[in-house]
Structures are given as C-alpha cells and as structure tokens.
Visitor: 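So that we are looking at the same thing, I have put the structure below in structure tokens.
When a ligand or atom number is given, it counts from 1 through the structure's own listing order. Fair warning: this is a prediction, and the values are worked out from it, not measured in the lab.
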Amino acid sequence: MRQFKLSRRMFLASTVASVAFAGKIANAATPKDAQIENIIANMSLEEKAGQLSIFADGTRSNNPNINPAAAKQGIEEVKEQIRKGTLGSLFSAKGAEGAREYQRVAIEESKSKVPLIFAADIIHGCETQFPIPLGEASSFDLDLCERTAKMAAFEATAVGIQWTFAPMVDVARDQRWGRVAEGAGEDTYLGNQIARARIKGFQGGDLTSETTVLACPKHYAAYGAVQGGMDYNTSDIPETTLRDVHLPPFKAAFDAGALSTMTSFNDINGVPSTGNHHLLTDILRDEWGFKGLVVSDYTADEEMIKHGYAKDGRDAAKKSIIAGCDISMQSHLYNLHLPDLVKSGEVPMEVVDESVRRVLYVKKQLGLFENPYRSLDPKREKTDIRTPKAIALSREAARKSAVLLKNDNNILPMKKSGQKIALIGPLANDKYQTLGTWAIFPDYDNAVTLEKGLRNQISNQSLIKSVKGCEIEKPISGGIQKAVEAAKWADVVILAIGEKQEMSGEAQSRVEITIPKPQQDLAEAIAKTGKPVIIILSHGRALALSGAVKDANAIMCAWFLGSEHGNGLADLIFGDYSPQGRLPVSFPVYSGQQPYYYNHRPTGRPQGPKDERFYKARYIETDNVALYSFGHGLSYSKIEYSKPNLSAKTLNFTNSIRASATITNKGKRTVKEVVQLYINDNVASLTRPVRELKGFKLIELAPGESKEVSFEISATDLAFINHDLQRRAEKGGFTLWIAPSSVTGEAVGFELV
Ligand code: GLC
C-alpha cells in the first residue's frame, strides 16, 4: 500500500477531524468483517475512490440517449478503468455476457479484486413492463406490488442486473411534478405500505439469490416537495413535515431491509441532500442505524456547485463524502479529489474507509465475494424473460391498476358484440404510449395498445372503427371531421386521450395539468354528436379534467399500464373483470389548485357547505375541493357501508380499540373493494390533517355478500411528529371513518385518554 507523509499540521488537523467523525461513525458503524478490513487495509487511496464511484456503461446500453456522455466509451476503456480500480459499479446497461467479462476483469486483473455491482433503473419491470408505479399504486394491492417487483427482479437478474434504482418512494403532493408518475402518490401511509411491498419483491428473503436485486428507495429526501412542482427545485419545508410526510416511506423501506438509497437533486431548506449531513448521517445513520450505502443521484454532488453550496468540484466532493454520501454517480469527483482531500487532512481517512466499508458490506450481502458471477448467466436471457407468467402478471397488474372514475347509467361494461364502436383519439393505438416513463429497456414491439386489446376480444372486427382525430399535442387536418363521422356511425364512442408518456417522469413538470387542447377540441366535437362517450385516459399524474371530458358518460384512468396495457383495459371494458383501482392522487378541478392533496390542514376558515362561500379558504373560481378525491374509484357493483362501530369510545396509551363496519355488495357481480380507514385528530399541539389514511383492506364481495371489516387502533396509529420532532400521540378527541374514499363515509368519535 502506498504510504504518504503527513506534516505535523496536517496530522493535527486530521486527528481533530477524526475525533469529531469517529463519534458519528461509531454510532452507525458498519459491522466489521475481517475480509473487508483486509481489502481496505491493502487498498490505495485511488482504489478507495474508485470503489466509491459509479458510471453509466455506454458500451452495453441499448439506449445511448440515457447517458450520452457514457455512450462514447469503448469496452477496452471501461476494462482499463476496472483494472485500475477507478470504478466500483456500472449502471444503465444490460447483457449478462458483457457484464460477465467486466466482472472477470475486476476479480482477475485488478489489484484489489473487488467485484463490481451492475445496476439499472428497473422502475416498473424490465423486459416485461408493468404499470407505471403511480398506476400500480392505484390497485391498493400490496401483494400485487410485491409480485411485480419480484418478477422485475427475476427478469433484471436474467439480463445481468444486480441492483435497481427503485422503488421511488417520494411522497408527491403537487401533480405538476412529472415524477409523481414514479411513486405511490400523495399519501404517506399508502407510500409506506407500497415501499415495504416493493422492497420485499425486489430483495426477496435472500439477497444472495441469483434472482433478487438490491433495492434503492429514492430520492432521499423530500424530492416530492419541490416548490411549484418544478423538477429539481428547492424543497422548503419544516422538519416536522419532512419527518411526518416525506421520510416515513424511506424508514419503511429500510425496515423492510433495503440496503441502499439515493440522494435527491433538491436542496432541503437550502442544504442540497447530497451534502446534507443532518439527512445522511444524523437521521439516516445515527437515528435509524441504516447499514447500507448511499449513492448520489446522477452528478448530484457536482450540482452542489450550481446550487451555490460548493465552491468547486473539490469542495463538492468534500461536502458530499463528509455528509455521508458513499458513492458518487457519474461526476468523477471522488476519483479526482478524494485522494488529495485525505492527504491534505481535510477529509479523515476513516471517513473514506467507512464509505468503502459500507460499499463492500453491501457487495458481501449480495454474495458477490463468494459468487461474483451471481445473476450474470447468459443462458437465462434466453429462457427467463417475457415468460407467459410475466405476461399474465402484467395483464393482471394492468386490470387492477385502472381506476373507474365515473360510469353514468352503467354504460360500462360494454358488450363484446352487437354494437358499433368508434375508437377515437391519439392514445388508442400508439404502442409508444403504453409503457410510460422509465421503461429503460422498452419493448414496444410487444406492447399491446388499447385498440389491439379491444380487437383481441371482438370477433366481428367490422364493429370497431378507429380514427385518431388529432395528434397528442397538435391537430390533424380533417381529423376531427373524420372522427365525428365515425362517432355518428357508431353506437358508442371510446375516446382514448391524455398525455404522451414523455409528459411525465424526470424533468417533465407541467404548469397546466390538463388534456392538451387539440384533444380537448376533439372531445368537444365528439360530444356534440350526442353519442355516449367513454373516456380512457392515459396519463402519468392526476389531471384537471374539463368540458366534454369531464362530462363524458364514463371516465377510466388508464395511466400507462405497461406491456399488456390494451389487454388489461379490454378485460375491464368488456366486463371480464371489474375495476378495483382507487386514486392514489387527487384529481383537482383546476391546475391552479396545486399543490392539492386530500390530507391538508383545515385552516381557520375551512369552507362549509356550498352557501358558505365568502371569506373562506377557497378560490374565486372554485371551492378548494377535488373533482375526484384520493381513494375514489368505482367498481361494476353498488357497495354500501354501514356506520363504523367502535369496541369502545375511549382509548388509552396501552390498549387498542376496534373499529368495524359492514360492507355489502348490493349488485349482481363479484367485485373487489378497497375499504379505507381515515382518522382526524380534532385538536392537537400542531394543526392536523382533515383526514389521514390509517389503514385499508382489499376485500372481495360476491353479489349480496356482506363482510365485517375491522381495524385495530392504538395510540401509535395516532402519533405524529411534534414540535420537539418526536413522534407522539396526544390525548383528546378523534374522528374516524371507514369509507370508500377520503371524502365519504359516516363519522364516529372516540377519545384518547
Ligand atoms: C436520474 C434519476 C434517478 C436515476 C438516476 C440513474 O437522473 O433522477 O432516479 O436513478 O438518474 O439513472
């Protein structure tokens, strides 16, 4: 190992710094392992910096646009970096054969022989795409979320990927933010449950398994709180909100075993997450005892210069490593500056060693030291992707993720024969608009559009006429005319409209979350024909619906449902299955209401019934309500809820009470129902949300069947982050609902004494 001489001043500086950091590191120290300590002891500073660096692999990416900078690299150049130990992981590529060769170089030709990790953004499927995460969250089906994550891991490991930069667990309350598409929506409780399910799916019970991947709940933290819903913007929130709303899904993910996390691009109250010691060390390590690794988002360390938080790359590297960001993504800053920062005494060696220790610890947990070729088996690529099981799961997930918002006169489900259908709109038959954002290795050829799905189920193909009518963002000359003619010919119109998939996801914030005007004009023209209209929306966020779209006979949220988009929708439209989806985000009346979320605080002038309109918390143009609220969704049956019954009217800090309601299917078909438990803390030392989701149960009800659904409630369920940043329940009155959405249900009260 190369030694370097420390001057007396440098020695003192590094000693003082070390003592300061030793306390911190000691609190959250990574378990000591002889093999790991031996590797660290024999690593040069340059090799340590290499272990703490991850780069996009441009040599094996099927989509060079993902990382143009990396696309210029050659295989030999990457191999040389691996030999020199200047990189510890690669991402954004697939292919077991190529990864296997890079791994061979790492363990046979490099000095430290530390295996690489191969990563990618497997966000909602790998070769088989599932619904975008926001869509899948609509299912409120935790078992489904776990199974799709497990299948995504199965396929990812079949193509040489061992680490996924997922699940995204950012709570998003502003639908202008394009990345709401990647997560579980606006509610923390739902976010916690889905985070847990997805971690279990990705990591399984054995991280050394050939078919599980390391998960990476992201983006830590408060990325969903960016001001104005503008991506990469500032998040200015009190620590009570940070801890009450935005951190819990990360804690849930770590408690479920997640061993990595990714820093977010935003600053929190002026401190960028990647250089945020309070976030990355005080909370993550010292409070939560997180033992995994922290990776920066793409050049997020270097972006601290643009944030005005770091003077230059060297300063950014110093702030990042000292804050607790273990791996630098794509910026090269750790390669360039860590050796010098340690030699100068500005960064103690043990800070670097602790980060290397964490990275090696995680690699060991993945079994890579014993089995470096884990999940790098080229044979699996031929047998384990797009299997019938994966396709069937994708179709099931599509069915369960669509949300039926409106169904006047039960126009849905439709018959498969005996009626003429005009299928109109730019989202009806565009395979590129089925998979949604972050389909990193997209297989559009096999993607099933709505039209294909409908035609797959109809024997007489002459009964469907398909007319685009307009493009997604621009009119087609004569398009509306053709569409109107088709509508006049038909008995019913299915209007497939919405966003293109590029309008959500990263760097896709919108000021107006509306249907693009050419499509709105098309809808208005179709409405004038007087024909019944069923709207099938494609979208990556909640939308502000208006005019003929809002007034259509039926509206279904179809998000981007993945490889089986069209088949899943056809299963619902023709009634083979009943919709079970419920909204994970509120649909506002106007874009201008953003950020709008159901669990808002009451204010001192909450708006009462319609007539209380003046001097109330509302807008001139609208009451501050949702057009369709969080938790809303219809099935093909009529479901009735009894008033909740409580086992006791008072609760103390050591016992629990049971809240129950009887749910009855008054219709003629078996349906799924998402029974939701909401609670309001009437009076507290901080104002509390008008309602908060505290539980939900997905049940099945046969025609005429009644089921009693119960929830156990303890003081823990009533706790919130207090002034002193402690999670605590307070005595007093509470209101409870067991309901089909966040704005319905009968209220009952109880006391915490
Ligand atoms: C992107 C995204 C992040 C992703 C990373 C690697 O910028 O913010 O979610 O995991 O880069 O692709």
Visitor: Go through ligand 1 atom by atom and flag the ones less than 4.0 Å from a non-hydrogen atom of Asp121.
Guide: 4 (C), 6 (C), 10 (O), 12 (O)
Visitor: With heavy-atom distances below 4.0 Å as the criterion, list the atoms of ligand 1 near Phe91.
Guide: 6 (C), 12 (O)
Visitor: Enumerate the atoms of ligand 1 whose separation from the nearest heavy atom of Phe265 is less than 4.0 angstrom.
Guide: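 Here the atoms of ligand 1 in question are 7 (O), 8 (O).
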Visitor: For Phe290 and Phe254, take the angle between the two ring planes, folded into 0 to 90°, and tell me which bin it lands in: parallel under 30, tilted 30 to 60, perpendicular over 60.
Guide: tilted
Visitor: Can you see whether Trp438 has Lys218 sitting over its ring - NZ or CZ less than 6.0 Å from the centre and within 45° of the normal?
Guide: yes
Visitor: Taking ring-ring contact (aromatic ring centres under 6.0 Å, His included) as the cut-off, I'd like each qualifying pair that reaches into residues 124-143, sequence neighbours left out, listed once.
Guide: Phe140-Phe696
Visitor: Just jot down the ligand 1 atoms closer than 4.0 angstrom to any heavy atom of His219, in number order.
Guide: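 Contacts of ligand 1 toward His219, numbered from 1: 3 (C), 8 (O), 9 (O).
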Visitor: So, for Ala137 and Gly183, which heavy atoms are closest and what is the spacing to 0.1 Å?
Guide: CB-O, 4.4 Å
Visitor: For Arg179, is at least one N or O under 3.5 Å away from an N or O on ligand 1?
Guide: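 Yes, at least one N or O pair falls under 3.5 Å.
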Visitor: Counting neighbours of NZ on Lys431 that are heavy atoms of other residues, nucleotides or ligands and sit closer than 6.0 Å, is the number greater than 12?
Guide: yes
Visitor: Taking the six-membered ring of Phe441 as reference, does the NZ or CZ atom of Lys94 fall below 6.0 Å from its centre and within a 45° cone about the axis?
Guide: yes
Visitor: Within a distance under 4.0 Å of any heavy atom of Met262, pick out the atoms of ligand 1 and give their elements.
Guide: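 Atoms satisfying the 4.0 Å criterion: 3 (C), 10 (O).
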Visitor: Using a plain distance cutoff, I'd like to know if Tyr298 has any nitrogen or oxygen under 3.5 Å from a nitrogen or oxygen of ligand 1.
Guide: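 No, there is no polar N/O contact under 3.5 Å.
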Visitor: When you compare ligand 1 with Tyr223, is there at least one nitrogen or oxygen pair between them that comes in under 3.5 angstrom?
Guide: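 Such a contact does not occur with ligand 1.
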Visitor: Going by heavy-atom distance to atom 2 (C) of ligand 1, choose the closest among Glu182, Lys218, Gln330, Glu506.
Guide: Glu506
Visitor: Between ligand 1 and Met168, can you find any atom pair, the residue atom being a heavy atom, that is separated by under 4.0 Å?
Guide: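 For ligand 1, residue contact (heavy atoms, under 4.0 Å) with Met168 is absent.
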Visitor: List in chain and number order the residues that pass side-chain hydrogen bond (donor to acceptor under 3.5 Å, both in side chains) with Thr263, two or more places apart in sequence or in another chain; answer none if no residue qualifies.
Guide: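 side-chain hydrogen bond (donor to acceptor under 3.5 Å, both in side chains) list for Thr263, sorted by chain: Thr274.
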